[in-house]
Amino acid sequence: MSATSNEFFVGIKPIEYNPQASVDDLLVFKQYNQDEIILGKPMHEWLRFAVCYWHTFRGIGADMFGAPTFDRPWDQSGNEMQIAKDRLRAAFEFFTKLGVKYFTFHDRDIAPAGETIEQTEKNLDEIIQLAKELQKQTGIKCLWGTANLFADPRYMNGAATNPDAHVFAYAAAQVKKAMEVTHELGGENYVFWGGREGYMSLLNTDVRKELDHLAAFLRMAVEHKKKIGFTGQLLIEPKPKEPTKHQYDYDAQTVMGFLNYYGLNKDFKLNIEPNHTTMAGHAYEHDVEMCSRYGMLGSIDSNTGDSSLGWDTDQFPMNLRDCAFVMKTVIAQGGLAPGGLNFDCKVRRESTNLQDMFIAHIGAMDCFALALRKMARLFEDKKYDILVQQRYASYNETDIGKKIEAGTATFEELHAFIKKNGEPAKTSGEQEKFEVIFNRYLD
Ligand SMILES: [Mn+2]
């Protein structure tokens, strides 16, 4: 930022939709036309894009092997609180120029920790007041907030699953405040990602005790939500490992099983990050589909990994096939609100231009917008859904199938049915046919 200007992204104008733009005109949307109606809703409502504060405004381009590569104009003043304010102004300029309607944040990304909890909360309150002002000026909303319960050394053995009750209490104090400031910013959701809620070795771990404690922690969060009048959706983000060797919130089915066991399934939904899904050994779209089919898909941390690397690379989603699979599920469940598509993504360490931040988001937004257009066609056509339904037709069309679905059939009855009817006919699964048809909708 120059002394005479409040602009950080100098020379970058608001990004506009121009389907005629040439392939090398990169600061333009070729697919994302926010107010265009698709299946009865504007594109921006289907997609509900959010920019994440941590990677995009706290990322420094460092990795486990190397020093920071980024040199950001808002990180220059030398005073921690001044930097936090400059960074926040830069972020709102970015959200506005990009044309997203939401952002997401952790408590510790947005404001620096102090020496004491009082000082930390004072810093946070000061920055939250500025965020509120900037929200008012720009109309940008908060999709969700969360607490960073993994970076500080106090959480090295876990937060809500720490063997020390004192650390558990610290995590609770931190989440209490993070929920309150999320509420103050009008956040529409609140996310729990338990990066250290797992174990490094079973030899020193009582897993049952730790999971009981995690459930107790989440119950207190539900209570506190009611106490402060926060009506946002609570979300849990599964991840199988990293930084712990095993994270308890391994994948969508594990988290749903946990919520059901502890009676928390009415109070939480899931925030699915496909890069975590692939780390759990599943296909990109697996967790999105799995929890959606149980009415538990709340939001998506939209990113991708790299199959050649295998860790959580948090790359921008640029693959049409992957985005189409996600949008197929999102359309089938009628949208994501109050959740959205949060870009939990970072530009590569080597992508050091400020402009790369825009190009990355524009590319991912266009990829999702194109995926939405393609999958709207698939949805409207009904042909694909009918083909899937036909595979299960025997449950609607035969007496025995209807009785199985109604829960009134018995083993004795089915045994008698087989004795009378013998071998079932061989039916092709036709996987290749489904793959070809899906590809035709991507044309
Ligand atoms: Mn995430």
Residues Asn157 and Asn162: side-chain donor-acceptor under 3.5 angstrom: no
Asp125 versus Gln129, side-chain donor and acceptor atoms under 3.5 Å: no
Which pairs with one or both residues in [range] pass salt bridge (charged side-chain N to carboxylate O under 4.0 Å, His left out), sequence neighbours excluded?
range            : answer
residues 233-255 : Lys239-Glu242, Lys239-Asp312
residues 147-156 : Asp152-Arg154
residues 272-285 : Glu285-Arg321
residues 17-44   : Glu36-Arg373

Nearest-0.5 Å distance, [atom1] of residue [X] to [atom2] of residue [Y]:
X      : Y      : atom1 : atom2 : value
Leu320 : Leu370 : CG    : CG    : 5.0 Å
Asn271 : Ile236 : CG    : CD1   : 10.5 Å
Thr254 : Leu259 : OG1   : CG    : 11.0 Å
Cys142 : Asn189 : SG    : CG    : 8.5 Å
Trp193 : Asn148 : CH2   : CG    : 8.5 Å
Leu354 : Phe70  : CG    : CZ    : 10.0 Å

Minimum heavy-atom separation for [X] and [Y], please, with both atom names.
X      : Y      : answer
Gly310 : Met279 : O-CG, 3.9 Å
Thr313 : Lys346 : O-CE, 3.7 Å
Ala283 : Thr277 : O-CG2, 3.3 Å
Ala50  : Leu143 : CB-CD2, 3.8 Å
Ser77  : Asp86  : CB-OD2, 4.0 Å
Ala252 : Asp287 : N-OD2, 3.1 Å

Between side-chain atoms of residues 216-231 and protein atoms elsewhere (two or more places apart, or another chain), which donor-acceptor pairs fall under 3.5 Å?
residue	atom	partner	partner atom	Å
Arg219	NH2	Tyr262	O	3.2
His224	NE2	Glu180	OE2	2.8
Lys225	NZ	Gly232	O	2.6

Could you tell me whether the side chain of [X] and the main chain of [Y] form a donor-acceptor pair under 3.5 Å?
X      : Y      : value
Thr205 : Val207 : no
Tyr199 : Asn204 : no
Trp46  : Leu372 : no
Glu197 : Leu214 : no
Arg108 : Ala113 : no
Thr244 : Arg196 : no

Non-neighbouring partners of Asp212 that pass salt bridge (Lys or Arg N to Asp or Glu O under 4.0 Å), sequence neighbours left out: Arg208
Salt bridge (Lys or Arg N to Asp or Glu O under 4.0 Å) involving Lys85 - partner list, sequence neighbours excluded: Glu126
Residue from Phe150, Tyr53, Trp144 passing ring-ring contact (aromatic ring centres under 6.0 Å, His included) with His106: Phe150
Qualifying residue, where the test is ring-ring contact (aromatic ring centres under 6.0 Å, His included) with Phe49 and the options are Phe29, Tyr32, Tyr102: Tyr32
Over 12 foreign heavy atoms within 6.0 Å of CE, Met156: no
Glu115 atom CD, neighbour heavy-atom count above 12 within 6.0 Å: no
Quick one: are [X] and [Y] in side-chain contact, heavy atoms under 4.5 Å?
X      : Y      : value
Met256 : Met290 : yes
Phe316 : Val347 : yes
Pro112 : Met81  : yes
Leu234 : Met179 : yes
Phe105 : Val181 : yes

Of all pairs that satisfy side chain to side chain donor-acceptor pair (under 3.5 Å), the ones with a partner from residues 57-72, not counting sequence neighbours: Asp71-Gln76
Side chain to side chain donor-acceptor pair (under 3.5 Å) contacts touching residues 352-368 (sequence neighbours left out): none
Side chain to side chain contact (heavy atoms under 4.5 Å, CB included) evaluation trace for Val326 with Ser302: CA-CA 9 Å; Val326 169; Ser302 186; over 6 Å; no
Partners meeting side-chain hydrogen bond (donor to acceptor under 3.5 Å, both in side chains) with Gln174 (sequence neighbours left out): Asp107, Tyr155
Positive for side chain to side chain donor-acceptor pair (under 3.5 Å) with Thr104, one of Asp109, Thr56, Asp344, Asn342: Asn342
Between [X] and [Y], does the ring centroid distance fall short of 6.0 Å?
X      : Y      : result
Phe358 : Phe94  : yes
Phe258 : Tyr261 : no
Phe9   : Trp74  : yes
Phe103 : Phe92  : yes

Salt bridge (charged side-chain N to carboxylate O under 4.0 Å, His left out) between Lys97 and Glu7, worked out: CA-CA 11 Å; Lys97 285 184 169 174; Glu7 202 177 9; 2.7 Å; yes
For residues 10-21, which side-chain N or O atoms pair as donor and acceptor with protein atoms under 3.5 Å away, sequence neighbours left out?
residue	atom	partner	partner atom	Å
Asn18	OD1	Gln20	N	3.0

Please set out all donor-acceptor pairs under 3.5 angstrom arising from side-chain atoms of residues 436-443, sequence neighbours excluded.
residue	atom	partner	partner atom	Å
Tyr441	OH	Asp381	OD2	2.5

Audit row: Arg293, Glu289, salt bridge (charged side-chain N to carboxylate O under 4.0 Å, His left out) steps and yes/no: CA-CA 6 Å; Arg293 296 309 298 261; Glu289 175 72 4; 3.6 Å; yes
Criterion side chain to side chain donor-acceptor pair (under 3.5 Å) on Thr304 and Gln315, from CA distance to verdict: CA-CA 5 Å; Thr304 190; Gln315 290 172 226; over 6 Å; no
